[in-house]
Each structure stands twice: as structure tokens, then as C-alpha cells.
Student: 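Here it is: the structure, laid out below.
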Amino acid sequence: MKKVLGIPFFSRPVLQVAPDLLGKFLVRRSGRHEVFSMITETEAYDGERDLACHARNGKTLRNEPLYERAGTIYVYFTYGMHWMLNVVTGEKGYPAAVLIRGLEDVTGPARLTKKFDIDKRLNKKKLGKISGLWIEDRGVVVKKCDIKKTPRIGVHYAGIWAQKSYRFVLSRK
DNA sequence: GCAGTGATCATA
DNA sequence: ATGATCACTGCC
């Protein structure tokens with residue numbers, strides 16, 4: 001059973017969507033090539049008050065996709081060489097998103113965008129067959145006890161927000 | 001452990 | 001206009 005996740009899935013609060021994405025499949029189709037892999041690591045970024053979120057200083061040219069509707073793709077470039085993939089969640093106008101940090105066979109957020117050919121072309125597009133990037137439920141059951149919660153990676157600057165357990169990892173079994 | 005790499009944004 | 005910063009990676 002394969003079900004493409006739609007707007008209702010992503011319209012929920014980011015702290016629900018982020019753990020729920022574990023065990024789902026990221027699918028990329030460009031041309032006649034298709035790659036997919038199970039999501040194993042995510043992080044939540046939750047609004048302007050979240051000092052680790054790109055929206056911490058309000059809307060800017062870069063973070064504008066965060067304010068779009070749920071299911072919008074937010075891809076940004078960092079460290080002069082890496083692309084990061086995020087999926088916007090929650091109410092339109094509320095800047096929150098899930099960072100896809102790892103897949104079953106690709107650990108590392110910049111490695112997975114490289115392998116899946118994800119870059120600025122996908123920024124601001126919507127998840128789905130039209131953009132060529134979407135997420136499927138393939139029936140993998142993830143038990144709550146298989147999800148490990150930890151602080152987010154690389155957000156030391158975020159004060160108290162750096163401590164929060166907004167990172168979700170699927171423990172291998 | 002740390003260099004590489006360049007867009008972005010706050011500050012001025 | 002400028003400089004610090006950066007949701008990272010790969011090689012030392």
C-alpha cells in the first residue's frame with residue numbers, strides 16, 4: 001500500500017509532523033529516474049519565537065517559503081556548498097517546517113539532497129508528482145518507543161531553544 | 001580537529 | 001557597502 005501524503009498531513013503542528021515523517025518514504029522523480037528511501041531523521045523548526053528557526057527575525061527573501069501553505073518545499077543553500085531540504089507545516093502564514101536530516105541509506109541533510117538531486121529549483125514548489133518530489137506512506141509501522149528525541153544539531157546559537165528535543169531519530173531494529 | 005565556500009542578512 | 005554567520009561535510 002502506497003499513499004502520497006497530502007496537505008492535511010502537513011497542515012498539523014510541526015511537532016506532530018516531524019516524528020510522524022519517520023518511516024515514510026521520500027521519493028524523487030526527475031525524468032524517468034526515480035529514487036526513494038525511508039526517512040529516519042527529522043528536526044522541527046517552530047515559528048518566529050524559535051531562535052533556531054530561519055524565521056526568528058521575521059520574513060526575509062530567503063525564508064519566505066516558510067510562510068506559504070503546508071506542503072511547500074523550502075530548500076536553502078548554506079556553507080557555500082550545501083542544500084538543505086525542508087517541508088513547510090501548519091497554518092499558512094505561520095513559519096514552521098521539518099528539516100529532513102536523514103534517510104535509511106543516506107545520513108546527513110546535505111548528502112541526501114545531493115543524492116536526490118534537490119536544489120533551488122524545488123524551492124517554493126509543492127510536494128507532489130508535479131514537482132517530482134513527494135513523500136509516501138508505504139505502510140511501515142513506527143512505534144513510539146522506536147523514536148528517539150534529542151536536541152537539534154548545529155543550533156548552538158539558539159539559547160534555550162538549542163536544548164529543546166526537536167530532533168527525531170528512528171532507532172534501528 | 002578544522003578548512004572550504006559563497007549566499008544571506010543585520011548593521012551602518 | 002560590509003563583514004559575520006551559517007539547520008554541513010570531508011579530509012587531516
Side-chain angles (χ1 to χ4, degrees), chain A residues 5 9-10 12-26 28 35 37-127 131 133-135 147-171:
Chain A
L5 300 180
F9 181 92
F10 297 105
R12 299 172 299 140
V14 69
L15 287 173
Q16 292 178 31
V17 177
D20 280 359
L21 280 173
L22 299 176
K24 304 298 190 289
F25 282 75
L26 183 70
R28 175 76 169 121
V35 270
S37 185
M38 191 174 71
I39 297 170
T40 56
E41 182 183 351
T42 60
E43 283 179 359
Y45 288 84
D46 192 14
E48 295 181 347
R49 67 195 182 121
D50 176 359
L51 296 180
C53 182
H54 280 176
R56 59 186 170 274
N57 291 314
K59 192 187 280 191
T60 66
L61 209 52
R62 176 175 72 160
N63 70 28
E64 187 276 332
L66 290 174
Y67 294 80
E68 295 293 323
R69 76 151 169 82
T72 299
I73 299 164
Y74 172 45
V75 177
Y76 71 91
F77 188 65
T78 192
Y79 291 106
M81 53 187 107
H82 302 303
W83 296 100
M84 298 287 148
L85 170 64
N86 300 256
V87 179
V88 175
T89 66
E91 301 267 315
K92 181 172 181 178
Y94 181 83
V98 178
L99 169 66
I100 310 294
R101 286 194 60 89
L103 307 174
E104 193 168 31
D105 50 356
V106 198
T107 58
R111 291 202 197 108
L112 74 89
T113 52
K114 184 170 184 194
K115 179 159 182 185
F116 277 58
D117 191 29
I118 291 164
D119 61 24
K120 66 171 179 235
R121 301 186 313 262
L122 285 162
N123 191 36
K124 297 170 82 165
K125 299 246 173 15
K126 311 302 172 192
L127 284 178
S131 67
L133 182 70
W134 66 92
I135 298 175
I147 299 177
K148 190 169 63 177
K149 294 164 51 162
T150 84
R152 292 171 290 187
I153 305 294
V155 296
H156 51 278
Y157 56 84
I160 185 70
W161 291 87
Q163 319 290 330
K164 293 181 182 289
S165 291
Y166 281 9
R167 174 171 175 253
F168 305 90
V169 184
L170 186 58
S171 64

Student: So, A:Tyr79 and B:dG6: ring centres less than 5.5 Å apart, planes less than 30° off, yes or no?
Tutor: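 Given the distance and angle limits, no, they do not stack.
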Student: C:dC8 P sits how many Å from A:Glu41 CD, rounded?
Tutor: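 It is 10 Å, rounded to the nearest whole Å.
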Student: Given atom CH2 of A:Trp83 and atom P of C:dC6, what is their separation to the nearest angstrom?
Tutor: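 After rounding, the gap between these two atoms is 19 Å.
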Student: What's the closest nucleotide to the side chain of A:Asn57 if the choices are C:dC8, C:dA7, B:dA10?
Tutor: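 Out of C:dC8, C:dA7, B:dA10, the nucleotide with an atom closest to A:Asn57's side chain is B:dA10.
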Student: Looking only at the side chain of A:Arg111 (C-beta and beyond, no hydrogens), which of the listed nucleotides B:dG4, C:dA7, C:dG10 gets closest?
Tutor: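 Nearest to the side-chain atoms of A:Arg111, counting from C-beta on, is C:dG10.
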Student: Hey, does the Lys NZ or Arg CZ of A:Arg12 hover above the aromatic six-ring of A:Phe10, less than 6.0 Å from the centre and inside 45° of the axis?
Tutor: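 Judged by the rule, A:Arg12 and A:Phe10 form no cation-pi pair.
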Student: Of the listed nucleotides (B:dT5, C:dT9, C:dA7), which one gets closest to any side-chain atom of A:Met81?
Tutor: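 Between B:dT5, C:dT9, C:dA7, the one nearest the side chain of A:Met81 would be B:dT5.
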Student: Between atom CZ in A:Arg56 and atom P in B:dA10, what is the gap in whole Å?
Tutor: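 It works out to 9 Å between those atoms.
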Student: B:dC9 P sits how many Å from A:Phe77 CZ, rounded?
Tutor: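 That distance rounds to 14 Å.
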Student: Closest to the A:His54 side chain: B:dC9, C:dC6, C:dA7?
Tutor: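 My answer, after comparing the listed nucleotides, is C:dA7.
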Student: Does C:dA7 have a Watson-Crick or wobble partner in any strand here, with both distances under 3.5 angstrom, and which is it?
Tutor: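 Base partner found: none.
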Student: I need the CZ-C1' distance between A:Arg167 and C:dC8, as an integer number of Å.
Tutor: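 One finds 14 Å between C1' of C:dC8 and CZ of A:Arg167, rounded.
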Student: Quick one: which of C:dC6, C:dA7, C:dC8 gets closest to the side chain of A:His156?
Tutor: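 The nucleotide sitting nearest to the side chain is C:dC6.
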Student: Give the nucleotide from the list B:dC9, C:dT9, C:dC6 with an atom nearest to the side chain of A:Thr60.
Tutor: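 Among B:dC9, C:dT9, C:dC6, the one nearest the side chain of A:Thr60 is B:dC9.
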Student: Considering Watson-Crick and G-U wobble pairs with both distances under 3.5 Å, what does B:dT5 pair with?
Tutor: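 Its partner is none (no Watson-Crick or G-U wobble pair with both distances under 3.5 Å).
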Student: Output the rounded distance in Å from CG (A:Leu112) to P (C:dC8).
Tutor: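 Whole-Å distance recorded here is 12 Å.
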Student: Just one of A:Ile39, A:Leu112, A:Val169, A:Ile153 clears the side-chain contact (heavy atoms from CB on, under 4.5 Å) bar with A:Arg101, so which one?
Tutor: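 That would be A:Ile153.
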Student: Just by distance, no angles: are the side chains of A:Asp46 and A:Tyr94 close enough, under 3.5 Å, to form a donor-acceptor pair?
Tutor: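 Per modelled atom types, A:Asp46 and A:Tyr94 side chains form a pair under 3.5 Å.
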Student: Check whether the ring centres of A:Tyr45 and A:His54 lie less than 6.0 Å apart, and answer yes or no.
Tutor: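 Distance test on ring centres: not under 6.0 Å, no.
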Student: Go through B:dG4, C:dA7, B:dA10 for me and flag the one nearest to the A:His82 side chain.
Tutor: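 Among the listed nucleotides, the one closest to the side chain of A:His82 is B:dG4.
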Student: Considering only B:dT5, C:dC8, C:dA7, which nucleotide approaches the side chain of A:Tyr45 most closely?
Tutor: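 Looking only at side-chain atoms, A:Tyr45 lies closest to C:dA7.
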Student: Taking only side-chain N and O atoms of A:Tyr157, does any of them lie within less than 4.0 angstrom of OP1 or OP2 on C:dA7?
Tutor: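 Yes, A:Tyr157 has a side-chain N/O under 4.0 Å of OP1/OP2 on C:dA7.
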Student: Could you tell me the separation between the OH atom of A:Tyr76 and the P atom of C:dC6, rounded to a whole number of Å?
Tutor: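 From A:Tyr76 OH to C:dC6 P: 11 Å.
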Student: What nucleotide, of B:dC9, B:dA7, C:dC8, holds the atom closest to the side chain of A:Arg101?
Tutor: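 Minimum distance to the A:Arg101 side chain belongs to C:dC8.
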